Amino acid sequence: MSLKRAGKIAKKITWKPGNMLAPVPVVLVSCGGSRGWKPNLITIAWIGSVCSDPPMLAISVKPERYSHGIIKSTGEFVVNVPSADQTKATDWCGVVSGRDLDKFSAASLTPGPALKVGCPIVVECPINIECRIRTSLPLGSHTLFLADVAAVQVSADLVDASGRLAIEKAGLIAFAHGHYFSLGRHLGHFGFSVRKRKKRKRARSD
Ligand SMILES: Cc1cc2nc3c(=O)[nH]c(=O)nc-3n(C[C@H](O)[C@H](O)[C@H](O)COP(=O)(O)O)c2cc1C
């Protein structure tokens, strides 16, 4: 099988090595709520899924963040995936520190009960992923926290009658080189490039 040329051929220039990967998710990580820590929120863009079975993800946090000490001490956190409605709150939680204030209340975000961990979820966020840390790895500027997904909650209004998660209704956002974007047009689904076209029924003339 041959595919048509996928885009234009552009001249390349050398760029400084750095974190060029884009877009990436941007999330509100909640932490605290146990072991004497008050609940806190930190905005994280250095995050990724790293294993399907068992489900695992990793976040990278700078040691100087107030949340770093909380996450290290409690061994758990919740990844709250924001929708476009929470873009401003997501940015704000990434520029102020929980050392000085209660970010939940100041950002008008609602803490809700998690199923398996001690930290609260952010109720407004459509997806909440509860994580327990398996190991941490100091990398340099950031500590990588590698975690198992212990539980997931999704907003009920995103699940249709057949039980499908209508993720296209979640209003998810992406982060690229310092800018927040909403997701654009739907381009295809997993494996669409090899899906066989359904044969059209021929109209019978006889
Ligand atoms: C869009 C965005 C992405 C960020 N990503 C990260 C990240 O991946 N890791 C990190 O340590 N800090 C990141 N930050 C910075 C922290 O969110 C920020 O320093 C925050 O105020 C720390 O809060 P805390 O002191 O309450 O822990 C990001 C900030 C923004 C706005």
Side-chain angles (χ1 to χ4, degrees), residues 23-49 55 57-133 142-145 147-159 165-176 178-183:
V24 292
V26 59
V27 299
L28 277 168
V29 165
S30 45
C31 55
S34 67
R35 295 192 178 204
W37 296 98
K38 60 186 170 61
N40 191 37
L41 290 162
I42 175 172
T43 303
I44 292 287
W46 287 180
I47 175 167
S49 296
L57 58 75
I59 61 171
S60 281
V61 185
K62 282 193 171 179
E64 57 263 36
R65 309 286 187 235
Y66 176 58
S67 302
H68 187 281
I70 304 178
I71 293 170
K72 189 96 189 155
S73 139
T74 60
E76 50 189 34
F77 58 88
V78 178
V79 172
N80 303 280
V81 184
S83 73
D85 293 341
Q86 291 100 46
T87 309
K88 197 166 182 186
T90 301
D91 184 66
W92 187 79
C93 288
V95 294
V96 295
S97 180
R99 273 190 195 95
D100 316 318
L101 44 71
D102 174 351
K103 290 196 210 179
F104 269 100
S105 135
S108 299
L109 292 169
T110 314
L115 302 170
K116 295 276 177 69
V117 298
C119 19
I121 67 163
V122 177
V123 175
E124 287 80 1
C125 291
I127 303 171
N128 316 96
I129 308 165
E130 301 175 27
C131 299
R132 281 205 195 100
I133 295 169
H142 289 66
T143 305
L144 181 122
F145 292 109
D148 289 288
V149 173
V152 173
Q153 300 189 49
V154 296
S155 296
D157 56 1
L158 292 179
V159 180
L165 179 63
I167 198 70
E168 69 280 5
K169 291 188 187 152
L172 301 181
I173 59 171
F175 188 65
H179 296 268
Y180 305 92
F181 295 88
S182 58
L183 298 190

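These numbers come from a predicted model, not from an experiment. Residues take their numbers from the sequence shown, with the count starting at 1.
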Ignoring hydrogens and angles, write down the donor-acceptor pairs under 3.5 Å from the side chains of residues 61-71, residues two or more places apart or on other chains.
unit_1: S67; atom_1: OG; unit_2: N40; atom_2: ND2; d: 3.0
unit_1: H68; atom_1: NE2; unit_2: T143; atom_2: OG1; d: 2.8

Selection residues 90-101 - residue pairs positive for side-chain hydrogen bond (donor to acceptor under 3.5 Å, both in side chains), sequence neighbours left out: D91-Y180
Between L158 and P126, the two heavy atoms sitting closest are CD1-CB, 3.6 Å
With a 4.5 Å heavy-atom cut-off, do P39 and P120 have their side chains touching? yes
Has N80 got a side-chain atom pairing as donor or acceptor with V122's backbone, closer than 3.5 angstrom? yes
Kindly compute the distance separating NE2 (H179) from CD1 (I173), expressed to the nearest 0.5 Å. 14.0 Å
Is there a donor-acceptor pair closer than 3.5 Å between any side-chain N or O of T110 and the backbone N or O of V123? no
Gap separating the CD1 atom of I44 from the SG atom of C31, nearest 0.5 angstrom: 9.0 Å
For the pair T43 and L28, evaluate side-chain contact (heavy atoms from CB on, under 4.5 Å) and give the outcome as yes or no after the intermediate values. CA-CA 5 Å; T43 303; L28 277 168; 3.9 Å; yes
Less than 4.5 Å apart, any side-chain heavy atom of C125 and any of V81? no
Between C131 and L57, which heavy-atom pair has the shortest distance, and what is it? SG-CD1, 3.8 Å
Taking C-beta and beyond as the side chain, do E130 and L115 meet within less than 4.5 Å on heavy atoms? yes
d(L109 CG, S30 OG) to nearest 0.5 Å is 10.0 Å
Spacing of I127 atom CD1 and I167 atom CD1 [to the nearest 0.5 Å]: 3.5 Å
Pair T74, W37 - check side-chain hydrogen bond (donor to acceptor under 3.5 Å, both in side chains), show working. CA-CA 9 Å; T74 60; W37 296 98; over 6 Å; no
Any side-chain heavy atom of F77 sitting closer than 4.5 Å to one from I133? yes
For the pair K116 (side chain) and R132 (backbone), establish whether a donor and an acceptor sit closer than 3.5 Å, ignoring hydrogens and angles. no
Taking every non-hydrogen atom, the tightest pair across A176 and P23: CB-CA, 4.2 Å
Measuring only between side-chain heavy atoms, which start at C-beta, is V79 closer than 4.5 Å to V149? no
Measure the spacing between CG of D148 and CD of E76 and express it to the nearest 0.5 Å. 12.5 Å
Which distance, rounded to the nearest 0.5 Å, do you find between the NZ of K103 and the OG of S105? 13.0 Å
Donor-acceptor pair, E124 side chain versus Q86 backbone, under 3.5 Å? no
Counting N and O atoms only, with roles assigned by atom type, does the side chain of D102 sit under 3.5 Å from a partner on the main chain of F104, one being a donor and the other an acceptor? yes
